[in-house]
Undergrad: 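Let me give you the structure first, and then I'll get to my questions.
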Amino acid sequence: MQQLREDGGVASRALEFTILTTARTNEVVQAEWSEFDLELGIWVVPSERMKSKREHRIPLSEAAKAVLEPSKGRSNRYVFPGQKRGGHLSNNAMLKVLKRLNHDSITVHGFRSTFRDWCAECTNYPSDVAEMALAHTLRDKTEAAYRRGDLFEKRSRLMADWARYCSKPAKPARVIAIRKNTG
(Lines give C-alpha, C1' and ligand atoms only; values in the text may rest on other atoms or scores of the structure.)
Protein backbone atom coordinates (compact mmCIF):
# COMPACT_ATOMS: atom_id res chain seq x y z
CA MET A 1 0.00 0.00 0.00
CA GLN A 2 2.84 2.40 0.74
CA GLN A 3 4.33 1.85 -2.69
CA LEU A 4 0.91 2.13 -4.31
CA ARG A 5 0.12 5.39 -2.50
CA GLU A 6 3.35 6.91 -3.79
CA ASP A 7 2.43 5.98 -7.35
CA GLY A 8 0.43 8.64 -9.15
CA GLY A 9 -2.40 8.22 -11.58
CA VAL A 10 -6.04 7.30 -11.79
CA ALA A 11 -5.42 3.54 -12.00
CA SER A 12 -3.32 3.59 -8.83
CA ARG A 13 -6.08 5.42 -6.95
CA ALA A 14 -8.64 2.95 -8.33
CA LEU A 15 -6.54 0.02 -7.09
CA GLU A 16 -6.13 1.59 -3.66
CA PHE A 17 -9.90 2.18 -3.51
CA THR A 18 -10.54 -1.41 -4.64
CA ILE A 19 -8.37 -2.75 -1.84
CA LEU A 20 -9.95 -0.50 0.81
CA THR A 21 -13.52 -1.36 -0.21
CA THR A 22 -12.93 -5.02 -1.16
CA ALA A 23 -15.04 -4.37 -4.26
CA ARG A 24 -14.66 -6.20 -7.54
CA THR A 25 -12.81 -4.60 -10.46
CA ASN A 26 -15.93 -3.92 -12.57
CA GLU A 27 -17.71 -2.33 -9.63
CA VAL A 28 -14.84 0.12 -9.14
CA VAL A 29 -13.92 1.02 -12.71
CA GLN A 30 -17.57 1.64 -13.57
CA ALA A 31 -18.34 3.54 -10.34
CA GLU A 32 -20.32 6.72 -10.91
CA TRP A 33 -20.42 9.80 -8.67
CA SER A 34 -24.21 9.48 -8.40
CA GLU A 35 -23.72 6.26 -6.38
CA PHE A 36 -21.85 8.00 -3.55
CA ASP A 37 -22.88 9.89 -0.47
CA LEU A 38 -19.54 11.03 0.88
CA GLU A 39 -21.08 12.84 3.85
CA LEU A 40 -22.67 9.62 5.07
CA GLY A 41 -19.75 7.52 3.84
CA ILE A 42 -21.82 5.19 1.67
CA TRP A 43 -21.34 3.82 -1.83
CA VAL A 44 -24.38 2.06 -3.28
CA VAL A 45 -23.46 -0.23 -6.17
CA PRO A 46 -26.57 -0.82 -8.30
CA SER A 47 -27.84 -4.36 -8.80
CA GLU A 48 -27.04 -4.44 -12.51
CA ARG A 49 -23.31 -4.12 -11.76
CA MET A 50 -23.24 -6.66 -8.96
CA LYS A 51 -22.36 -10.32 -9.51
CA SER A 52 -25.29 -11.28 -7.26
CA LYS A 53 -27.62 -8.90 -9.16
CA ARG A 54 -28.54 -7.33 -5.80
CA GLU A 55 -27.80 -3.74 -4.78
CA HIS A 56 -24.86 -3.54 -2.38
CA ARG A 57 -24.22 -0.77 0.16
CA ILE A 58 -20.53 -0.34 0.93
CA PRO A 59 -19.41 1.62 3.99
CA LEU A 60 -16.55 3.97 3.15
CA SER A 61 -13.72 4.26 5.64
CA GLU A 62 -12.01 7.63 6.05
CA ALA A 63 -9.11 6.25 3.99
CA ALA A 64 -11.46 5.25 1.15
CA LYS A 65 -13.07 8.70 1.18
CA ALA A 66 -9.60 10.29 1.09
CA VAL A 67 -8.81 8.36 -2.10
CA LEU A 68 -11.92 9.83 -3.73
CA GLU A 69 -11.25 13.43 -2.73
CA PRO A 70 -8.66 14.27 -5.43
CA SER A 71 -10.85 12.60 -8.09
CA LYS A 72 -13.72 15.04 -7.58
CA GLY A 73 -14.22 17.17 -10.65
CA ARG A 74 -12.16 15.02 -13.04
CA SER A 75 -15.32 13.62 -14.56
CA ASN A 76 -18.99 14.41 -14.17
CA ARG A 77 -19.91 10.75 -14.41
CA TYR A 78 -17.14 8.25 -13.62
CA VAL A 79 -15.12 8.32 -10.42
CA PHE A 80 -12.15 6.79 -12.22
CA PRO A 81 -12.25 8.15 -15.77
CA GLY A 82 -10.37 6.42 -18.56
CA GLN A 83 -8.29 7.69 -21.45
CA LYS A 84 -11.27 7.99 -23.79
CA ARG A 85 -13.38 11.08 -23.27
CA GLY A 86 -16.50 10.24 -21.27
CA GLY A 87 -15.38 6.65 -20.59
CA HIS A 88 -14.33 4.79 -17.48
CA LEU A 89 -11.01 3.21 -16.59
CA SER A 90 -10.13 -0.03 -18.38
CA ASN A 91 -10.59 -3.33 -16.55
CA ASN A 92 -6.87 -4.05 -17.07
CA ALA A 93 -5.60 -0.69 -15.77
CA MET A 94 -5.15 -1.84 -12.16
CA LEU A 95 -3.38 -5.02 -13.26
CA LYS A 96 -0.98 -2.85 -15.28
CA VAL A 97 -0.25 -0.84 -12.12
CA LEU A 98 0.73 -4.03 -10.29
CA LYS A 99 3.01 -5.04 -13.15
CA ARG A 100 4.59 -1.59 -13.29
CA LEU A 101 5.28 -1.81 -9.54
CA ASN A 102 6.94 -5.22 -10.09
CA HIS A 103 4.16 -7.23 -8.46
CA ASP A 104 3.45 -9.52 -11.41
CA SER A 105 2.43 -12.42 -9.16
CA ILE A 106 -0.41 -10.45 -7.55
CA THR A 107 -3.91 -10.15 -8.99
CA VAL A 108 -6.42 -7.44 -8.22
CA HIS A 109 -9.00 -10.02 -7.17
CA GLY A 110 -6.43 -11.58 -4.84
CA PHE A 111 -6.80 -8.62 -2.47
CA ARG A 112 -10.34 -9.84 -1.72
CA SER A 113 -8.86 -13.16 -0.65
CA THR A 114 -6.25 -11.33 1.44
CA PHE A 115 -9.05 -9.39 3.14
CA ARG A 116 -10.95 -12.61 3.89
CA ASP A 117 -7.84 -14.27 5.33
CA TRP A 118 -7.13 -11.19 7.45
CA CYS A 119 -10.70 -11.24 8.79
CA ALA A 120 -10.44 -14.91 9.75
CA GLU A 121 -6.91 -14.89 11.12
CA CYS A 122 -6.45 -11.43 12.63
CA THR A 123 -9.88 -10.26 13.80
CA ASN A 124 -12.84 -11.42 15.83
CA TYR A 125 -15.44 -10.34 13.29
CA PRO A 126 -18.00 -13.05 12.56
CA SER A 127 -17.67 -14.70 9.17
CA ASP A 128 -21.13 -13.37 8.23
CA VAL A 129 -19.82 -9.81 8.46
CA ALA A 130 -16.77 -10.61 6.33
CA GLU A 131 -18.82 -12.44 3.74
CA MET A 132 -21.30 -9.59 3.52
CA ALA A 133 -18.43 -7.11 3.11
CA LEU A 134 -17.37 -9.15 0.08
CA ALA A 135 -20.99 -9.17 -1.20
CA HIS A 136 -21.07 -12.95 -1.16
CA THR A 137 -24.50 -14.53 -1.24
CA LEU A 138 -25.62 -17.27 1.11
CA ARG A 139 -25.68 -20.72 -0.46
CA ASP A 140 -28.24 -21.99 2.02
CA LYS A 141 -31.55 -20.81 0.53
CA THR A 142 -33.41 -21.20 3.83
CA GLU A 143 -30.93 -19.06 5.73
CA ALA A 144 -30.91 -16.52 2.90
CA ALA A 145 -34.70 -16.25 3.08
CA TYR A 146 -34.50 -15.16 6.73
CA ARG A 147 -31.55 -12.77 6.41
CA ARG A 148 -32.84 -9.35 5.47
CA GLY A 149 -30.29 -7.01 7.07
CA ASP A 150 -26.93 -6.06 5.64
CA LEU A 151 -24.93 -5.67 8.89
CA PHE A 152 -23.95 -2.20 7.71
CA GLU A 153 -22.81 -0.81 11.08
CA LYS A 154 -20.67 -3.86 11.80
CA ARG A 155 -19.23 -3.71 8.29
CA SER A 156 -18.43 -0.01 8.81
CA ARG A 157 -16.28 -0.89 11.82
CA LEU A 158 -14.71 -3.79 9.90
CA MET A 159 -13.78 -1.58 6.94
CA ALA A 160 -12.28 1.07 9.25
CA ASP A 161 -10.15 -1.64 10.88
CA TRP A 162 -9.15 -2.98 7.44
CA ALA A 163 -8.10 0.52 6.35
CA ARG A 164 -5.96 0.88 9.50
CA TYR A 165 -4.38 -2.50 8.81
CA CYS A 166 -3.65 -1.54 5.20
CA SER A 167 -2.00 1.68 6.37
CA LYS A 168 0.47 -0.01 8.69
CA PRO A 169 4.05 0.21 7.44
CA ALA A 170 5.42 -3.13 6.32
CA LYS A 171 7.96 -4.53 8.74
CA PRO A 172 11.05 -6.17 7.29
CA ALA A 173 11.17 -9.91 7.87
CA ARG A 174 13.44 -11.06 10.66
CA VAL A 175 15.32 -14.09 9.40
CA ILE A 176 17.14 -16.34 11.83
CA ALA A 177 19.70 -18.73 10.38
CA ILE A 178 19.04 -22.31 11.43
CA ARG A 179 22.56 -23.50 10.80
CA LYS A 180 25.79 -21.81 10.09
CA ASN A 181 27.09 -21.87 6.56
CA THR A 182 30.50 -23.60 6.79
CA GLY A 183 31.23 -23.59 3.09
Undergrad: Sub-3.5 Å donor-acceptor pair from the side chain of Asp37 to the main-chain atoms of Leu40, do we have one?
TA: yes
Undergrad: Under 6.0 Å between ring centres: does that hold for Trp162 and Phe111?
TA: no
Undergrad: Tell me whether the rings of Phe80 and Phe17 are parallel (<30°), tilted (30 to 60°) or perpendicular (>60°).
TA: tilted
Undergrad: Just by modelled atom types, is the Arg157 backbone N or O under 3.5 Å from a matching donor or acceptor in the Tyr125 side chain?
TA: yes
Undergrad: Would you find more than 12 non-hydrogen atoms of other residues, nucleotides or ligands less than 6.0 Å from Gln83 atom CD?
TA: no
Undergrad: Would you kindly say whether Gln3 and His103 are connected by a side-chain donor-acceptor distance under 3.5 Å?
TA: yes
Undergrad: What I want to check is whether the side chains of Arg5 and Ser167 have a donor and an acceptor closer together than 3.5 Å.
TA: yes
Undergrad: Compare every heavy atom of Gly41 with every heavy atom of Lys65, then report the nearest pair and how far apart it is.
TA: CD-CA, 4.1 Å
Undergrad: May I ask you to check whether over 12 heavy atoms, not counting those of Lys84, lie within 6.0 Å of atom NZ?
TA: no
Undergrad: If two hydrophobic side chains count as joined below 4.5 Å and joins carry through other members, does Tyr78 share a cluster with Val44?
TA: no
Undergrad: For the pair Ser113 (side chain) and His109 (backbone), establish whether a donor and an acceptor sit closer than 3.5 Å, ignoring hydrogens and angles.
TA: no
Undergrad: Look up atom CE in Met94 and atom NZ in Lys96, then write down how far apart they are to the nearest 0.5 Å.
TA: 12.5 Å
Undergrad: Do you know which of Glu35, Glu55, Glu27 makes side chain to side chain donor-acceptor pair (under 3.5 Å) with Arg49?
TA: Glu35
Undergrad: Taking all non-hydrogen atoms of both residues into account, name the closest pair between Ala130 and Leu158 and its distance.
TA: CA-CD2, 4.1 Å
Undergrad: Could you grab the distance from atom CZ of Arg13 to atom CG of Leu20, nearest 0.5 Å is fine?
TA: 10.0 Å
Undergrad: Test of understanding: clusters of I, L, V, M, F, W, Y form through side-chain heavy atoms closer than 4.5 Å, transitively. Do Ile58 and Met132 belong to the same one?
TA: yes
Undergrad: Do the charged groups of Asp128 and Lys154 touch, with an N to O distance under 4.0 Å?
TA: no
Undergrad: Answer with yes or no whether the hydrophobic clustering places Val108 together with Leu89; edges join I, L, V, M, F, W, Y residues whose side-chain heavy atoms lie under 4.5 Å apart.
TA: yes
Undergrad: Count I, L, V, M, F, W, Y as connected when their side-chain heavy atoms are under 4.5 Å apart, and connections chain through other members. Are Phe115 and Val28 then in the same cluster?
TA: yes
Undergrad: Would you find a donor on one side and an acceptor on the other, under 3.5 Å apart, between the side chain of Arg57 and the backbone of Ile42?
TA: no
Undergrad: Given Val29, which of Val79, Asn92, Val10, Asn91 fulfils the side chain to side chain contact (heavy atoms under 4.5 Å, CB included) condition?
TA: Asn91
Undergrad: Taking atom CG of Asp104 as the centre, report whether more than 12 heavy atoms of other residues, nucleotides or ligands fall under 6.0 Å from it.
TA: yes
